[in-house]
Each structure stands twice: as C-alpha cells, then as structure tokens.
Amino acid sequence: MSFVGAFPANAPKYVYPVIHRLIAAIDAGLGADLILLRGTAVYDTSVGVDASLVRSPTLDSAVGAEYSLVGLRSADACLGAESSLVGLRLVDLGQGAEYSLIGLRSADLGQGAEYSLVGLRLVDLGQGADITPLKGIVAYDLARGSDVTLKYIMKLLDLAKGADAVLNRLLGLYDRGLGADYGLASLHSDVAAALRDFNVSQIAINKMIGDIDYGKEVRAEHYTLVPLAAANLLSAVSRLLQVLKLRGASVPADIQGKLNACWSIATSYPMLRSGDLISPVHENKLIDLLVCLSSFGSAFMNLLASSGSDSGGGVEYTRLLDLTPVADRVTSVSAPIPYYTDRLSPPGSYVIVRPQTTYTTAYVSGLPTTQLGLTLYVRNISQGSIVWWNGSSAGAPCAAVYVYSDGWVLAWFNDRCSGSYTSVAIGVRTEVLSGAPYLHVVGFDQDHADTDQPCINVKGFMFCGNSVDAYSGPVRLIWEAWVPLS
Amino acid sequence: MSFVNAFPANVSKFSYVGMLVRPPGPPVTFAICNATVRYVAWGDVIDPDNHKGVINTFLCISQGIAVRANMVAKGAGVIQ
C-alpha cells in the first residue's frame with residue numbers, strides 16, 4: 001500500500017493518522033517495543049502528538065512491515081529521540097517505502113530536530129529507491145544540524161536519480177551553498193589546511209635536523225616536531241578518508257584502525273619544553289609512531305593499487321578519481337583497459353600505468369637499487385617481507401636476471417623455486433622521451449601475484465602491483481614507470 | 001650523558017657512541033625507507049645518529065603518505 005494513494009497531498013488533516021500508521025507498522029515489523037517507545041516519547045515531547053495514537057494497533061496493517069522496520073531501525077541506532085521523531089515525519093510525507101526509509105536514516109544521523117524535519121521533506125521529493133544519494137545525506141548529516149543545510153539537501157535529493165551522479169551533485173551543491181561551516185566544504189578546507197600544516201612542520205623538521213649532531217645541544221623541538229607533524233598528516237588523511245567515505249567509497253577497516261592507532265600515539269606523545277627532563281620514552285614513542293605510520297602508510301598507499309577483490313576499496317577509489325588514460329603507453333590491447341595512473345611532482349614527469357592486459361613480449365625488469373631515490377623490490381604480501389634473490393629449492397633458482405640486446409634488464413622471481421612457473425618480474429631500461437632521459441621501470445606478473453608483488457619506491461612514494469589473481473597464463477604488465485633521470 | 005640528566009640546566013649534548021654505558025636497544029628496521037633505528041633505555045647516551053635516523057625515517061614515511069594523500073585529494077577534487 002502506498003502513501004501516495006492513501007494520502008491526498010492537500011489533506012493535512014491526514015498527517016497525524018499517517019504517522020500513527022507508520023509507528024504501528026514499525027512496531028509490528030520489529031516487535032521492538034523499546035524502539036517504538038523511544039520514538040514515541042520523543043515525538044510526544046517535541047511535537048505534542050498523542051503517544052497513544054502512535055501505538056495504535058489498529059493502524060498496524062496499513063503499512064508494510066519491512067518498510068517501517070528499516071526506518072525505525074535506522075533512527076533507533078543512530079539518533080537521539082528528537083531525530084527519530086523527525087524521521088517519523090519524514091516517512092509521513094514520503095511516497096515510496098524504501099525511499100522514505102533511507103531518508104529517515106539520513107536525517108537521523110544529522111542530529112537536531114529541525115534539521116531532520118527538513119530532511120524528511122527532502123526524502124519525500126526524491127522518488128526512486130537508489131541508496132547511494134542517501135548515503136551522501138548521511139555524510140552531511142554527521143556534520144551538523146541546520147535548517148539551511150536541510151533545504152539544500154532537499155533540492156539535491158529532488159534532483160537525484162542515479163547513484164554516483166546524485167552523490168556528486170549533492171557534494172557540489174552543498175559546497176556552493178553552505179561554504180566552510182558545513183559538510184564537505186568544511187572537510188575539504190580541513191584537508192587542505194592539515195596538509196599545509198604538515199608541509200610547514202616538515203620544513204621545520206628539515207631545518208632542525210642539521211642541529212642534531214655530536215656535541216650539540218639537545219632541544220625540545222628535536223623531539224616534539226615529529227609527533228606534531230604526524231598529527232597534521234594523520235588529520236589530513238583522516239578527513240580525506242572521511243570525504244571519500246561520504247562519497248560512497250569504502251575504507252577497509254584495517255586502514256581506519258591503523259590510522260586511529262597512529263593518531264593515538266601521535267597525540268599522546270609526552271611533549272617537552274625547554275628545561276624538561278628527557279627520557280627514553282621520548283625516543284621510543286617516536287619509534288612506536290614510525291612503526292605505526294609505516295604499517296598504515298603501506299596500507300594507505302596500496303589502497304588505490306589494490307584490486308576490488310583484494311580489499312574492496314581499490315575499485316571504488318579509482319572510480320572516484322578523474323584519471324587520465326595513458327593508453328598510448330600500451331600496445332596490443334584487445335579490450336578496453338582498466339588503467340591506473342599516478343603522478344609525482346613535477347606533474348607529468350612520472351607515470352605509473354597498470355593495464356590489465358597481456359604483455360606478450362617478455363621485456364624488462366629491474367635490479368634493486370637505491371640510486372635516484374629509487375628502490376625496486378618484490379614483496380611477499382602474506383608475510384609482508386621482501387622476497388630476496390638468493391636461495392633455491394631442489395636446485396632450481398629462485399631468481400634469474402636476463403639482459404636483452406635492446407637494453408632491458410629483467411629480473412625474474414620465483415617464490416617457490418620450483419622452476420615450473422615464474423611469480424613476478426621487475427625490469428629497467430634507460431630511455432629518452434622528448435629529449436629527456438628517463439629510467440623506464442616495469443613490473444610484471446605471470447602468476448601467483450596474490451602472494452608476491454613487484455614494487456617500486458621513488459623518493460618515498462611506494463607503489464606495488466595489484467593482485468592479478470591467477471596461477472598460470474601470460475605475463476602481464478601490471479605497472480610501469482618512467483623516472484626522470486635529469 | 002644519559003637521558004636522566006640530559007635536558008635541563010646543564011644543557012645536554014648529543015654524545016658520542018664511545019660513551020655508551022650499555023648496549024643499544026633492540027633495532028627496528030623499516031625496509032621501505034631502508035632505515036634501522038633503535039629503542040633506547042635509561043642510561044643510554046643520546047645518540048644523534050639514532051635520533052636523526054628516527055627523524056629521517058619519519059620524513060621518508062610521512063612524505064610517501066603525504067604524496068599519496070595529495071594525489072588522492074586532488075583527484076577527488078578535495079584540494080586544488
């Protein structure tokens with residue numbers, strides 16, 4: 001049964017009965033008296049609606065149970081009582097059941113009765129059952145309660161139809177309409193500010209580090225700048241992840257957990273002032289922070305590189321970015337290529353491409369080196385360790401190097417030393433592109449990349465190949481990079 | 001020079017390794033940044049090399065994260 005048919009829009013006298021039905025439906029669907037009572041109590045206080053009517057069992061059959069159930073559950077989990085009350089109103093004005101239900105949840109997260117009330121109307125105008133736009137609302141709601149904000153959201157939902165497009169529009173509208181005090185606009189500025197703060201603190205550290213030497217004084221800043229800089233960086237990353245989540249991307253729980261752990265260490269650092277007693281804790285806490293940041297950094301930096309099957313986040317994050325194809329780097333492509341690009345400073349000087357295609361010419365490869373700030377290595381994913389070249393099994397080499405006449409040097413790694421197949425390979429060759437010298441570096445996977453990854457680290461920027469997830473088949477070029485030599 | 005009396009009035013100086021009064025603490029290796037630092041304990045000298053290693057490792061790790069964060073933020077339109 002639809003509210004559309006049941007309630008003429010110009011019949012305000014039906015509003016209260018509708019609310020009653022909704023509540024009753026919720027009651028029947030969940031069997032949760034506590035939830036119902038909470039919503040009712042709030043409603044009674046704020047709006048003056050008769051609580052007994054809300055719980056009227058006679059209205060129970062008028063509404064679909066699953067419909068009401070979801071809405072009630074959302075309100076119950078996310079909000080205080082005021083919010084739930086608003087949620088009820090929202091449903092009352094709404095049309096389709098799924099829709100209103102989701103809207104209710106969004107409004108509930110927002111906090112503040114007046115805010116949620118507007119959100120109710122918003123949902124009502126939205127139509128259609130796409131959940132994604134509602135996710136966007138949830139994100140906004142978390143930021144604050146505001147009548148103005150609600151109105152903008154309402155318009156947004158009103159326009160919304162498709163998930164991604166709606167979400168993007170919502171974000172943009174919110175930014176333009178509210179400015180820095182609300183929602184993502186605030187998050188955006190927070191990210192920018194935190195990154196700027198990190199850069200400033202990083203410069204300070206670089207200036208300071210020259211003062212740390214034998215015979216020189218020990219100063220408080222020698223210890224305190226690092227946790228401050230870390231806090232700035234983690235603050236930026238945290239807000240950035242929040243923005244992405246609000247846009248519908250998923251952030252793996254382990255990444256969020258590591259981020260939280262690092263934040264805890266950085267913000268609990270025992271700060272020093274001149275004259276304070278320094279203790280081993282001040283050094284050891286920094287090392288704890290490094291260990292945490294290293295773990296978090298690896299997970300964070302692989303977020304974009306990971307495939308959907310790996311963490312569930314890579315695909316979504318990639319989709320959110322406006323990536324520029326580098327298809328001209330790839331030949332022998334038989335199908336549209338999912339690609340991944342990455343650029344370091346200066347823009348355009350460094351490119352990583354990850355085509356999911358067959359690379360039939362067995363070229364390339366790489367030697368571990370630290371020159372140019374460049375490190376090439378193969379990582380064992382499950383063990384988190386570097387795969388070394390030496391070692392053998394049953395007389396079969398674990399790694400081999402091939403030099404080609406066209407300048408490529410290719411290193412093959414076999415993590416099982418069986419000789420029956422090759423795991424991964426890394427290769428290098430110097431090239432001249434548009435008159436400028438580059439080191440062309442390539443990572444290959446033949447199979448078994450679900451445990452081994454070819455990786456490259458350029459000046460602190462790490463990139464590892466994704467999991468091709470196959471145990472046999474052709475060699476695949478999973479990334480390549482041009483590192484400027486000049 | 002120990003951590004105990006390192007900081008206040010008689011300004012601490014970073015000490016030479018030869019002044020170590022006890023073996024250095026357990027090493028912590030960061031493969032990605034090619035660095036090894038050591039935990040310290042009461043009585044250890046304030047080793048500038050170890051501390052610079054800590055700071056340089058932080059710069060290495062944090063820079064990698066910052067570069068990726070900047071890239072993601074720009075790609076997502078969060079920053080210009």
[X] side chain to [Y] backbone, donor-acceptor under 3.5 Å:
X         : Y         : answer
Lys52(B)  : Ile212(A) : yes
His51(B)  : Glu283(A) : no
Asn284(A) : Val40(B)  : yes

Step by step, would you call Met208(A) with Ile55(B) a side chain to side chain contact (heavy atoms under 4.5 Å, CB included)? CA-CA 10 Å; Met208(A) 168 201 75; Ile55(B) 295 176; 3.6 Å; yes
Side chain, backbone, both or neither: which part of Phe30(B) has an atom under 4.5 Å from a heavy atom of chain A?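 Side chain only.
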Does any heavy atom of chain A fall under 4.5 Å from the side chain of Val28(B), the backbone, both, or neither of them?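 The answer is the side chain of Val28(B).
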List in chain and number order the residues that pass side-chain contact (heavy atoms from CB on, under 4.5 Å) with Asn206(A), two or more places apart in sequence or in another chain; answer none if no residue qualifies.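 Partners of Asn206(A) under the side-chain contact (heavy atoms from CB on, under 4.5 Å) test: Gln202(A), Leu59(B).
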Using non-hydrogen atoms only, which part of [X] is less than 4.5 Å away from chain B: side chain, backbone, both, or neither?
X         : result
Leu233(A) : side chain
Val291(A) : both
Val226(A) : both
Asp288(A) : both
Leu293(A) : both

Could I get the full list of ring-ring contact (aromatic ring centres under 6.0 Å, His included) partners for Phe296(A), not counting sequence neighbours?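 ring-ring contact (aromatic ring centres under 6.0 Å, His included) check on Phe296(A) returns Phe300(A).
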So do Ile287(A) and Phe58(B) actually touch side chain to side chain, heavy atoms under 4.5 Å?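 No, side chains not in contact.
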What residue in Asn199(A), Ile205(A), Val237(A) has the most heavy-atom pairs under 4.5 Å with chain B?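 Most pairs with chain B among the choices: Ile205(A).
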Taking all heavy atoms of Leu240(A) and all of Ala69(B), pick out the closest pair and write down the distance.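 Smallest interatomic distance, heavy atoms only, reads CD2-O, 3.4 Å.
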How long is the gap from SG on Cys262(A) to CD1 on Ile65(B), to the nearest 0.5 Å?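 Taking SG in Cys262(A) and CD1 in Ile65(B), the distance rounds to 7.0 Å.
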